[in-house]
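Have a look at the structure below before the remarks.
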Amino acid sequence: MKKVEAIIKPFKLEEVKDSLHAAGIQGLTVSEVKGFGRQKGHTELYRGAEYIVDFLPKVKIEIVLSDDQVENAIEAILNAAKTGRIGDGKIFVVNLDQAIRIRTGEKGDSAV
């Protein structure tokens, strides 16, 4: 099993969700997060005062998948989230040792 984490621009969430659904991926967790990479934030003007916005709003998507679904999920996220501009985000794939469904006690792939 693998855990796929994607950090994307917030306005791309619906497209990514629809793309994952079309790829047969069901079940995901979404969190609103803030951060920066190469973008390094920007300056804004508020009531005549300039201030630096270090952390930019992003959305983090987490999906737990069997190994054979990972490439489809990555492809779906890439196609839907890409704008070609800086700040499109990142995808991380992490090995997952175990998953347990609380309701039934199922373990492994059957819990996903």
Side-chain angles (χ1 to χ4, degrees):
M1 284 181 303
K2 303 270 193 245
K3 181 178 182 181
V4 176
E5 296 181 3
I7 310 294
I8 63 169
K9 292 181 175 184
F11 70 89
K12 286 294 197 172
L13 177 59
E14 284 301 315
E15 285 180 57
V16 170
K17 183 187 74 152
D18 293 342
S19 182
L20 286 166
H21 182 73
I25 309 298
Q26 52 184 326
L28 56 94
T29 301
V30 176
S31 307
E32 291 180 7
V33 296
K34 292 184 178 190
F36 68 90
R38 291 187 188 154
Q39 282 178 290
K40 296 186 179 115
H42 60 278
T43 59
E44 287 188 7
L45 201 60
Y46 179 71
R47 293 189 177 180
E50 189 175 278
Y51 65 99
I52 297 172
V53 178
D54 287 336
F55 297 102
L56 301 170
K58 300 287 182 178
V59 171
K60 180 179 181 180
I61 299 170
E62 298 174 276
I63 315 163
V64 176
L65 303 162
S66 58
D67 290 341
D68 60 331
Q69 292 180 305
V70 172
E71 287 306 316
N72 288 340
I74 291 170
E75 195 66 32
I77 295 167
L78 282 173
N79 290 335
K82 184 177 181 178
T83 67
R85 300 177 64 186
I86 193 165
D88 274 352
K90 299 262 190 317
I91 299 173
F92 305 102
V93 180
V94 181
N95 285 324
L96 196 64
D97 291 333
Q98 191 172 32
I100 303 163
R101 185 184 310 268
I102 294 174
R103 179 176 53 88
T104 62
E106 293 171 280
K107 295 182 179 182
D109 284 339
S110 59
V112 179

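Values reported hereafter were calculated over all heavy atoms of this structure, with side chains retained and with hydrogens, waters and symmetry mates removed.
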Nearest 0.5 Å please: distance from the [atom1] atom of [X] over to the [atom2] atom of [Y].
X	Y	atom1	atom2	result
Ile77	Lys12	CD1	NZ	13.0 Å
Leu13	Glu32	CG	CD	9.0 Å
Leu78	Ile91	CG	CD1	4.0 Å

Compile the donor-acceptor pairs under 3.5 Å between side chains in residues 63-70 and protein atoms, sequence neighbours left out, one pair per line.
{"unit_1": "Ser66", "atom_1": "OG", "unit_2": "Asp68", "atom_2": "OD1", "d": "2.5"}
{"unit_1": "Ser66", "atom_1": "OG", "unit_2": "Gln69", "atom_2": "OE1", "d": "3.4"}
{"unit_1": "Asp67", "atom_1": "OD1", "unit_2": "Met1", "atom_2": "N", "d": "3.3"}

Transitive ILVMFWY side-chain link Val4 to Ile7, under 4.5 Å: no
Tell me whether Ile74 is reachable from Val59 by hopping between hydrophobic residues (I, L, V, M, F, W, Y) whose side-chain heavy atoms are closer than 4.5 Å.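 Looking at the clustering, Ile74 is in the same group as Val59.
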Side-chain contact, heavy-atom cut-off 4.5 Å: Lys2 with Asn95?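 Yes, side chains in contact.
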Determine whether Leu28 and Val16 make a side-chain contact, defined as any pair of heavy atoms from C-beta on separated by less than 4.5 Å. no
Stepwise side-chain contact (heavy atoms from CB on, under 4.5 Å) check, Lys34 with Leu56: CA-CA 5 Å; Lys34 292 184 178 190; Leu56 301 170; over 6 Å; no
Looking only at non-hydrogen atoms, find the nearest pair between [X] and [Y] and report the distance.
X	Y	answer
Ala76	Ala23	CB-CB, 4.2 Å
Ser31	Glu62	OG-OE1, 4.3 Å
Lys3	Leu96	N-CB, 4.4 Å

Decide if atom CD1 of Ile102 counts as having more than 12 heavy atoms of other residues, nucleotides or ligands within a radius under 6.0 Å.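 Incorrect, the count does not exceed 12.
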More than 12 heavy atoms from other groups under 6.0 Å of CD on Gln98: yes
Does the Lys58 side chain pair with the main chain of Gly87, one donor and one acceptor, at a distance under 3.5 Å?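 The answer is yes, because a donor-acceptor pair under 3.5 Å joins these two groups.
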Please list all pairs passing the side chain to side chain donor-acceptor pair (under 3.5 Å) test where one or both residues lie in residues 75-86, with sequence neighbours left out.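 Counting only pairs at least two positions apart or across chains, the side chain to side chain donor-acceptor pair (under 3.5 Å) contacts touching residues 75-86 are Thr83-Asp88.
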Using the side-chain contact (heavy atoms from CB on, under 4.5 Å) rule, take Val33 and Phe55 through it: C-alpha gap first, then chi angles, then the decisive distance, then the call. CA-CA 9 Å; Val33 296; Phe55 297 102; over 6 Å; no
